[in-house]
Amino acid sequence: MWKPDRHSKHPIYRQIVEYLERSIACGELPPGSLLPSERKMAEQLDVNRSTIVQAYEELRASGLLESAVGRGTSVSRTKWGLTPSHTPNWRQYTEGGAFMPNLPLMRRIREVVRHDANLIDMASGELSADLFPNELVQELLREQPFTEHLGYDHPQGSPALRTTLARFLSRRHGIAATESSILITSGSQQSLYLITQCLLSPGDAVAIEDPSYCYSLPMFQSAGLRICRLPVYKDGIDPEDVARLYREHRIRMVFLNPNFQNPTGSILSLTKRRRLLEIAAELRIPIVEDDPFSLTSMLPESPQTLKALDKDGIVMYIGSLSKIAASGLRIGWLAAPQSVVSRLADARQQMDFGLSIVSEWLAEQLMRSGRFEDHIIHLQMALQQKRDEMIDALNKYLPDAVTFDLPHGGLNLWCKINRKVNDSRLLEEGIRSGVVFVPGTVYGSEEGYIRLSYAKPRLEDIEPGIRALARALLGQSAVR
Ligand SMILES: Cc1ncc(COP(=O)(O)O)c(C=O)c1O
């Protein structure tokens with residue numbers, strides 16, 4: 001990190017002014033970015049606070065910085081033009097490009113979760129650290145040294161992992177896939193991205209569930225797709241709505257998360273699955289089955305996948321290790337007709353030349369190991385315990401204030417708040433009380449719903465987290 005030169009004849013505060021001017025000019029500090037407080041900056045640069053006060057004062061006078069009570073000091077948004085004329089207009093560049101920014105509520109949630117380790121995180125759709133198979137990974141690393149070749153990966157992903165996955169998909173989900181009809185991806189997110197970018201064109205209409213995880217992704221808007229909504233009921237979407245959306249909008253693809261849907265936790269009934277496949281076959285509309293949660297099932301048997309029921313080659317099946325083992329490995333898969341897999345593999349080559357062979361190797365060791373099955377059983381029991389803890393706490397602290405359906409898998413509880421609330425205000429109130437969750441509007445629902453993850457907080461933090469939520473909802477003094 002840059003520090004002023006104490007031996008220079010140039011005054012220290014001037015050195016700091018020039019350093020900040022350079023950082024602003026080269027775009028390291030874009031317009032609107034928040035600077036550390038005077039005290040923090042003084043600590044970072046090892047100078048007196050009064051030196052920083054003088055430097056900030058000079059930059060404020062020249063219009064490069066602005067300060068407001070309660071909001072601190074930031075780079076001016078309006079004086080961007082003051083930067084030297086040979087500097088590119090970075091603001092224009094950063095506002096351009098094909099990617100829409102993430103939703104403001106999601107950015108806010110990610111920011112507070114990153115910066116405040118004391119917040120109880122019921123927002124992140126992730127396993128807590130103790131639910132990852134850390135010990136198993138350590139054992140596998142001790143037993144099996146990594147001796148793979150270190151060159152670029154196969155365009156469809158490691159052949160060994162694809163072979164193991166084909167067996168896994170057949171054993172665990174009744175899906176008949178071969179090594180050549182599987183693409184390894186860096187998570188379900190990349191599978192969704194490749195599908196929206198490569199198989200669809202701007203202006204195409206697609207159907208997604210309402211509410212839906214897909215709605216939280218600007219990815220669909222970035223691809224220029226028109227989004228049509230399929231309302232989600234207790235037993236999933238209504239297949240007749242797919243036929244209606246085809247008649248009205250000529251939808252070209254359907255995106256579904258039929259098992260423990262994110263965020264509602266609902267399961268698409270078997271009768272509806274069969275009817276949906278009939279309709280999709282009749283209209284020749286492909287279905288994307290996004291299935292990150294079926295192995296988190298607390299039911300005696302996991303629901304049957306659409307892909308296993310599909311006799312006409314309609315379904316593109318997406319899965320990943322994120323919600324069952326390790327989100328940070330970034331390993332996902334897509335099983336689809338071979339022509340589709342080849343097209344997506346070709347596109348992925350253009351993006352990144354393939355995946356990390358180390359992650360793939362580890363994923364293969366993990367999924368091939370008999371002990372992976374034990375891990376899944378342990379995970380299912382631990383998630384059930386956490387879900388029950390959350391339900392007990394909700395019944396204790398918010399018996400009349402929220403209603404929910406019992407989820408039998410997945411990582412989340414979808415709660416309806418039985419009073420009128422403003423989503424972003426409730427989120428801020430929650431953060432002040434020490435808990436963070438996702439307001440339902442992020443998933444496209446109307447106001448008055450929240451998604452609470454029971455997977456991410458530690459078991460012992462679930463009750464205090466719900467107590468904090470109760471304080472946010474009912475007022476600080478109403479809850480002890
Ligand atoms: C329904 C659903 N699909 C896909 C993803 C993306 O997961 P990943 O890319 O980590 O596999 C998520 C993540 O929360 C999800 O909830």
Side-chain angles (χ1 to χ4, degrees), residues 102-103 105-106 109-110 113 121-128 131-132 157 161 165 168 182-197 206-220 230 232 236-237 253-268 287-297 303 305-307 315-335 344 348 351-352 355-356 359-360 363 366-367 383 407 409-414 437-438 440 442-445 451-456:
N102 279 309
L103 300 179
L105 276 176
M106 285 313 284
I109 290 168
R110 286 187 187 129
V113 168
D121 180 4
M122 295 186 168
S124 307
E126 236 201 326
L127 303 179
S128 52
L131 295 184
F132 295 132
L161 178 55
L165 254 168
F168 181 82
I182 293 176
L183 175 71
I184 311 293
T185 60
S186 63
S188 307
Q189 194 83 352
Q190 190 180 46
S191 300
L192 290 170
Y193 179 71
L194 288 169
I195 290 169
T196 54
Q197 289 292 327
V206 296
I208 65 172
E209 293 155 310
D210 172 18
S212 158
Y213 167 73
C214 289
Y215 196 88
S216 70
L217 306 175
M219 178 195 292
F220 286 75
L230 292 165
V232 176
I237 60 138
M253 205 174 274
V254 181
F255 290 80
L256 292 182
N257 171 201
N259 300 322
F260 315 117
Q261 199 248 5
N262 183 2
T264 62
S266 71
I267 305 174
L268 185 66
I287 297 174
V288 177
E289 179 177 26
D290 183 10
D291 187 29
F293 305 118
S294 58
L295 290 186
T296 61
S297 176
T305 59
L306 280 169
K307 182 78 177 160
V315 179
M316 291 183 275
Y317 179 84
I318 293 177
S320 94
L321 279 183
S322 293
K323 315 295 177 183
I324 52 169
S327 41
L329 268 190
R330 303 311 299 140
I331 291 291
W333 47 87
L334 181 140
L344 300 186
R348 208 262 305 283
M351 282 167 58
D352 58 10
L355 300 159
S356 154
S359 272
E360 288 186 290
L366 199 58
M367 297 185 84
L383 285 174
L411 314 184
N412 310 304
L413 205 68
W414 180 241
F437 45 83
V438 188
V442 163
Y443 304 105
S445 84
R451 192 197 78 170
L452 300 173
S453 162
Y454 47 80
K456 184 66 206 257

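Just follow the structure's listing: the first ligand is 1, and inside any ligand the first atom is 1. Positions are given from 1, in the same order as the sequence printed here. Everything quoted here is computed from the prediction, not taken from an experiment.
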Atom 8 (P) of ligand 1: which of S322, C214, S216, P292 has the nearest heavy atom? S322
Within ligand 1, which atoms have a heavy atom of D290 less than 4.0 Å away? 1 (C), 2 (C), 3 (N), 4 (C)
So if I count the atoms of ligand 1 from 1 in the order they appear, which ones are less than 4.0 Å from some heavy atom of R330? 8 (P), 9 (O), 10 (O)
Q189 to L217 - nearest heavy-atom pair and separation: NE2-CD2, 3.4 Å
Assess whether side-chain contact (heavy atoms from CB on, under 4.5 Å) is satisfied between L165 and I184, documenting all intermediate values. CA-CA 9 Å; L165 254 168; I184 311 293; 3.4 Å; yes
Between N259 and D291, do the side chains contain a donor N or O and an acceptor N or O under 3.5 Å apart? yes
Drop me the distance from T296's OG1 to K323's NZ, to the nearest 0.5 angstrom. 10.5 Å
Between the side chains of S322 and R330, is a donor N or O closer than 3.5 angstrom to an acceptor N or O? yes
Could an N or O of ligand 1 be found under 3.5 Å from any N or O of K323, whether backbone or side chain? yes
At a 4.0 Å cut-off, with the gap strictly under it, does some heavy atom of E126 reach an atom of ligand 1? no
Under 3.5 Å: N/O of N262 near N/O of ligand 1: yes
Once you round to the nearest 0.5 Å, how far does OH of Y317 lie from CD1 of I287? 14.0 Å
So, is S186 polar-close to ligand 1, with some N/O to N/O distance under 3.5 Å? no
